[in-house]
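Remember, predicted model here, so these are calculated numbers, not experimental data.
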Amino acid sequence: MNSKTLLEKAVSILAGSNNTVVVTGAGISTEAGIPDFRGEKGIYRTLGEDRVMRIINIDAFHRQPEVFWDFYRRYFDFPPVEPSLAHKTLADMESKGFIRGIVTQNIDGLHEKAGNRNVIAVHGTADRFICTNHKCRRVYEAEYVRDFPQIVPACSACGGVIKPDVVLFGEAIQNYMDARQLILEAKVLVVIGSSLTVYPLAGFVKEFSSFYQDLIIINKGPTHLDHAALVKIEVENTTGEILQEINRQLQILKR
Ligand code: NAD
């Protein structure tokens with residue numbers, strides 16, 4: 001099937017759904033200027049996946065906070081970017097009732113910034129930081145951490161070590177039940193910009209696809225569930241345009 005036919009097929013599936021949920025991964029933010037981990041400029045390629053996993057790890061954080069924070073400050077300080085056309089289109093689609101919500105692995109906050117209201121971020125938020133002292137748990141903004149005079153930021157109230165509010169390797173995801181429920185209750189699931197490698201989110205999508213059929217995947221390169229998708233749209237930094245066209249056609253059909 002050529003890409004025009006695939007797009008039309010996706011539109012007709014979406015037009016028949018009153019409960020469409022979107023799952024997004026790092027690939028939706030590359031067009032906004034944030035590299036993914038697995039892509040050409042990604043840190044899995046440049047630094048090695050093993051090294052990243054060894055350091056961006058909850059045990060490493062507790063054992064050697066200086067090593068963790070040195071690495072985190074160097075490689076995880078996302079540039080201040082604006083939502084891409086893809087983010088903005090998803091926000092418009094939610095406001096028109098074409099999608100019910102988004103479950104994202106991303107930590108960049110760009111869906112919320114674009115205007116989506118029902119967003120479940122399972123890996124946390126990069127611009128939020130929390131004191132790890134359980135009796136304190138004071139929350140800090142990025143500015144406090146950035147301007148802290150030492151590598152390891154400490155809580156101004158209790159002196160506890162501060163941690164980014166993101167899910168590190170070895171930690172449980174956030175909002176597990178809500179994310180799973182939103183996905184499994186969907187009539188149509190659209191995965192955008194994820195290789196579907198990272199669990200448990202990839203597991204929820206797999207579970208969905210084993211009960212239902214209406215899985216649409218929009219991604220650059222292969223994913224682990226391409227075989228289960230009704231429609232797989234291969235993109236080359238054109239996700240924003242593809243979503244815009246889908247949104248345009250849905251508006252005509254649902255007028
Ligand atoms: P991943 O496994 O979800 O893979 C990203 C996928 O997106 C790849 O298949 C890639 O080919 C595809 N892609 C790249 N550009 C695209 C585009 N323009 N349109 C559509 N697809 C595109 O993610 P990962 O990079 O392996 O990251 C691992 C984990 O780290 C994930 O949880 C991820 O969400 C997180 N992460 C988050 C951010 C962010 O918040 N922006 C950035 C990097 C990594």
Side-chain angles (χ1 to χ4, degrees), residues 2-4 6-11 14 20-47 52 75-96 98-99 101-127 142 166 188-198 201-202 205 215-226 229 231-251:
N2 66 31
S3 55
K4 187 162 174 271
L6 285 170
L7 195 137
E8 279 164 4
K9 193 172 171 196
V11 170
L14 290 166
T20 296
V21 171
V22 176
V23 167
T24 63
I28 198 162
S29 294
T30 56
E31 288 165 38
I34 302 176
D36 59 5
F37 286 174
R38 275 164 235 275
E40 277 158 37
K41 293 187 222 148
I43 56 172
Y44 284 173
R45 296 267 189 105
T46 54
L47 303 174
V52 176
Y75 301 110
F76 281 72
D77 201 3
F78 289 144
V81 296
E82 290 304 312
S84 66
L85 178 61
H87 294 104
K88 289 180 195 155
T89 306
L90 288 180
D92 189 54
M93 289 173 80
E94 187 188 285
S95 75
K96 294 198 163 62
F98 298 157
I99 64 174
I102 299 178
V103 178
T104 187
Q105 292 187 143
N106 295 344
I107 55 176
D108 54 32
L110 289 178
H111 288 306
E112 293 88 339
K113 203 168 174 188
N116 277 100
R117 300 161 82 108
N118 189 16
V119 181
I120 300 180
V122 291
H123 287 173
T125 315
D127 59 7
V166 299
V188 176
L189 193 63
V190 185
V191 174
I192 306 171
S194 173
S195 62
L196 293 172
T197 310
V198 183
L201 191 60
V205 178
L215 176 65
I216 297 171
I217 298 178
I218 302 172
N219 200 58
K220 178 176 174 179
T223 82
H224 287 283
L225 286 173
D226 284 355
V231 179
K232 161 76 192 290
I233 300 179
E234 187 62 41
V235 293
E236 188 60 50
N237 303 325
T238 47
T239 298
E241 285 122 73
I242 301 269
L243 289 176
Q244 198 176 38
E245 183 55 23
I246 289 175
N247 191 23
R248 193 184 69 81
Q249 293 192 21
L250 276 176
Q251 285 174 59

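Among residues two or more places apart in sequence or in another chain, the side chain to side chain contact (heavy atoms under 4.5 Å, CB included) test is passed with Arg248 by Glu245, Ile252. Remark: Glu94 engages no residue in a salt bridge (Lys or Arg N to Asp or Glu O under 4.0 Å) (not counting sequence neighbours). In this view, Glu241 satisfies the salt bridge (Lys or Arg N to Asp or Glu O under 4.0 Å) rule with no residue, not counting sequence neighbours. Residues that satisfy the salt bridge (Lys or Arg N to Asp or Glu O under 4.0 Å) test with Asp92, not counting sequence neighbours, are Lys96. For Ala121, the side chain to side chain contact (heavy atoms under 4.5 Å, CB included) test picks out Thr104, with sequence neighbours left out. Among residues two or more places apart in sequence or in another chain, the ring pair (Phe, Tyr, Trp, His ring centres under 6.0 Å) test is passed with Phe98 by none. Under the rule for a side chain to side chain contact (heavy atoms under 4.5 Å, CB included), the partners of Asp108 that lie at least two apart in sequence or sit in another chain are Ser29, Ile34, Phe78, Asn106, Leu110. The salt bridge (Lys or Arg N to Asp or Glu O under 4.0 Å) search around Lys232 returns Asp226, Glu234, not counting sequence neighbours. Contacts of Glu31 classified as side-chain hydrogen bond (donor to acceptor under 3.5 Å, both in side chains), with partners at least two apart in sequence or in another chain: Thr239. Under the rule for a side-chain hydrogen bond (donor to acceptor under 3.5 Å, both in side chains), the partners of Ser195 that lie at least two apart in sequence or sit in another chain are Thr197. Listed by chain and residue number, His87 satisfy the side-chain hydrogen bond (donor to acceptor under 3.5 Å, both in side chains) test with Ser84 (two or more places apart in sequence, or in another chain). Scored by the side-chain hydrogen bond (donor to acceptor under 3.5 Å, both in side chains) test, Ser194 finds no partners at all (sequence neighbours excluded).
Here the side chain of His123 pairs a donor or acceptor atom with the backbone of Gln105 at under 3.5 angstrom.
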*Go through the steps to decide whether Val22 and Met93 satisfy the test side chain to side chain contact (heavy atoms under 4.5 Å, CB included), and finish with yes or no.*
CA-CA 11 Å; Val22 176; Met93 289 173 80; over 6 Å; no
*Step by step, work out the side chain to side chain contact (heavy atoms under 4.5 Å, CB included) result for Glu112 and Thr125.*
CA-CA 11 Å; Glu112 293 88 339; Thr125 315; 5.9 Å; no
_Is there a side chain to side chain contact (heavy atoms under 4.5 Å, CB included) between Leu90 and Ile102? Walk through the geometry before answering._
CA-CA 9 Å; Leu90 288 180; Ile102 299 178; 4.0 Å; yes
_Pair Tyr75-Tyr44, ring-ring contact (aromatic ring centres under 6.0 Å, His included): steps then yes or no_ = CA-CA 11 Å; Tyr75 301 110; Tyr44 284 173; over 10 Å; no
*Please report the C-alpha distance between Asn116 and Ile99 in whole Å, then the side-chain angles of each, then the deciding distance to 0.1 Å, and finally whether the side chain to side chain contact (heavy atoms under 4.5 Å, CB included) criterion is met.*
CA-CA 10 Å; Asn116 277 100; Ile99 64 174; 4.3 Å; yes
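With rounding to the nearest 0.5 angstrom, the CG atom of Asn237 is 11.5 Å from the CD1 atom of Ile242. Atom OG1 of residue Thr20 and atom CG of residue Leu14 lie 5.0 Å apart, to the nearest 0.5 angstrom. How far CG of Leu243 is from CG of Leu250: 10.5 Å, rounded to the nearest 0.5 Å.
Smallest separation of non-hydrogen atoms from Glu82 and Ala32: O-CB, 3.5 Å. Shortest non-hydrogen contact noted between Pro35 and Gly33 is CD-O, 3.6 Å. Of all the heavy atoms in Val198 and Arg38, the pair that sits closest is CG2-NH2, 3.6 Å. Across Ala10 and Ile233, no two heavy atoms sit closer than the pair CB-CD1, 4.3 Å. The heavy-atom pair separating Gly115 from Ala91 by the smallest distance is C-CB, 3.9 Å.
Proximity of Leu7 to Gln249: side-chain heavy atoms (C-beta onward) are separated by under 4.5 Å at one or more points. Side-chain atoms of Ile246 and Val190, non-hydrogen and from C-beta on, never get closer than 4.5 Å to each other. Side-chain contact between Val191 and Leu225: absent, with no pair of heavy atoms (C-beta onward) separated by less than 4.5 Å.
The side chain to side chain contact (heavy atoms under 4.5 Å, CB included) test with Leu189 singles out one residue from Ile216, Leu215, Ile217, and that residue is Leu215.
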